[in-house]
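In what follows, a single structure is set out as structure tokens and then discussed.
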Amino acid sequence: QAQLVESGGGLVQPGGSLRLSCTASGFPLEYYTIGWFRQAPGKEREGPLCISSSDGNTYYTDSVKGRFTISRDNAKNTVHLQINSLKPEDTAVYYCAADRYKIKTMVLEGPSPGAHWGPGTQVTVSS
């Protein structure tokens, strides 16, 4: 059974860093486009924040450029999201999605109905 699980969230002070992970079981992430999304309390889902394609290309939305870094560890079937200089407005549940779409399609249309999603990991930025 194909599954995605996010991990690495937690409570961090403003200015701190976190590394989130998105680990797959039942299918090889290396052949999929992976996007990170988030949903803050009372708000709609935002994203894709960043994307890593199976051919090594990446995309970052303007609001996260310079603070977010997406990377892959194919040996561990995992994609990481490094978030630096965390701000209170980064507080949200962070989700990863694995899709067959190319980056451009995921940006313009969002993940396909057949995309795999994880349950999310909570990130709280507060002093």
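Keep in mind that what you see is a predicted model, and the values were worked out from it rather than measured.
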**Request:** Evaluate the side-chain contact (heavy atoms from CB on, under 4.5 Å) criterion for residues Ser53 and Lys102: first the C-alpha distance (whole Å), next the side-chain angles of each, then the deciding distance (0.1 Å), finally the verdict.
**Result:** CA-CA 7 Å; Ser53 67; Lys102 296 185 182 297; over 6 Å; no
**Request:** Kindly compute the distance separating CG (Leu49) from CG (Asp62), expressed to the nearest 0.5 Å.
**Result:** 12.0 Å
**Request:** Using the rule that two of Ile, Leu, Val, Met, Phe, Trp, Tyr join whenever any of their side-chain heavy atoms come within less than 4.5 Å, decide whether Leu108 and Met106 are in one cluster.
**Result:** no
**Item:** Taking every non-hydrogen atom, the tightest pair across Glu6 and Cys96
**Value:** OE2-N, 2.9 Å
**Item:** Side-chain donor/acceptor of Thr121 to backbone N/O of Gly9, under 3.5 Å
**Value:** yes
**Prompt:** From Leu86 CG over to Thr91 OG1, what is the distance, rounded to the nearest 0.5 angstrom?
**Reply:** 8.5 Å
**Request:** Work out which heavy atom in Cys50 is nearest to a heavy atom in Tyr60; give both atom names and the distance.
**Result:** CB-CD2, 3.5 Å
**Asked** Going by heavy atoms in the side chains, are Ser126 and Gln13 under 4.5 Å from each other?
**Response** no
**Prompt:** So, for Ile83 and Leu20, which heavy atoms are closest and what is the spacing to 0.1 Å?
**Reply:** CD1-CD1, 4.1 Å
**Prompt:** Step by step, would you call Glu46 with Ser63 a side-chain contact (heavy atoms from CB on, under 4.5 Å)?
**Reply:** CA-CA 11 Å; Glu46 178 186 7; Ser63 63; 4.3 Å; yes
**Asked** Would you call the rings of Tyr32 and Phe27 parallel, tilted or perpendicular, where under 30° means parallel and over 60° means perpendicular?
**Response** perpendicular
**Message:** Under 3.5 Å, is there a donor on one side chain and an acceptor on the other for Ser85 and Arg67?
**Reply:** no
**Message:** Which heavy atom of Phe37 sits nearest to which heavy atom of Pro48, and what is that distance?
**Reply:** CE2-N, 3.4 Å
**Prompt:** Does any donor atom in the side chain of Asp73 or Thr78 lie under 3.5 Å from an acceptor atom in the other side chain?
**Reply:** no
**Asked** Just wondering, do Ser71 and Ser52 contact through their side chains at under 4.5 Å, heavy atoms?
**Response** no
**Message:** Is the ring pair Phe68/Tyr94 parallel, tilted or perpendicular, if the boundaries are 30 and 60 degrees?
**Reply:** tilted
**Request:** Under the salt bridge (Lys or Arg N to Asp or Glu O under 4.0 Å) rule, what do Lys87 and Asp90 come out as? Steps first, then yes or no, please.
**Result:** CA-CA 5 Å; Lys87 307 174 183 180; Asp90 293 320; over 6 Å; no
**Asked** Same cluster for Leu4 and Leu81 if Ile/Leu/Val/Met/Phe/Trp/Tyr side chains link at under 4.5 Å?
**Response** yes
**Message:** Could you go through Val125 and Val123, starting from their C-alpha distance and side-chain angles, then the distance that decides it, and tell me whether this counts as side-chain contact (heavy atoms from CB on, under 4.5 Å)?
**Reply:** CA-CA 7 Å; Val125 185; Val123 172; 4.1 Å; yes
**Message:** Using only atom types and a distance under 3.5 Å, with no angle test, would you say the side chain of Arg100 pairs donor to acceptor with the backbone of Gly114?
**Reply:** no
**Message:** Show the nearest heavy-atom pair for residues Ala92 and Gln122, with the distance to one decimal.
**Reply:** O-NE2, 3.5 Å
**Request:** Take atom CZ of Arg19 as the centre, draw a 6.0 Å sphere, and report whether it contains more than 12 heavy atoms from other residues, nucleotides or ligands.
**Result:** no
**Asked** Between Pro111 and Tyr101, is any pair of side-chain heavy atoms under 4.5 Å apart?
**Response** no
**Request:** Return yes if a side-chain donor-acceptor contact under 3.5 Å exists between Asp99 and Ser112, otherwise no.
**Result:** yes
**Prompt:** Are Trp36 and Val64 side-chain neighbours, meaning at least one heavy-atom pair lies under 4.5 Å?
**Reply:** no
**Message:** What verdict does the side-chain contact (heavy atoms from CB on, under 4.5 Å) test give for Ile70 and Val79, after you've listed the backbone C-alpha separation in whole Å, the side-chain angles of each residue and the deciding distance to 0.1 Å?
**Reply:** CA-CA 7 Å; Ile70 190 170; Val79 173; 3.7 Å; yes
**Prompt:** Does any N or O in the side chain of Arg38 come within less than 3.5 Å of the main-chain N or O of Tyr95, such that one atom is a donor and the other an acceptor?
**Reply:** no
**Prompt:** How long is the span from the CG atom in Leu18 to the CG atom in Leu11, to the nearest 0.5 Å?
**Reply:** 9.0 Å
**Complete:** Nearest heavy-atom contact between Ala98 and Ile34 is CB-CD1, 3.5 Å
**Prompt:** Is the backbone of Pro28 close enough, under 3.5 Å, to the side chain of Asn77 for a donor and an acceptor to pair up by distance?
**Reply:** no
**Prompt:** Judged by modelled atom types alone, do Ser21 and His80 share a side-chain donor-acceptor pair under 3.5 Å?
**Reply:** yes
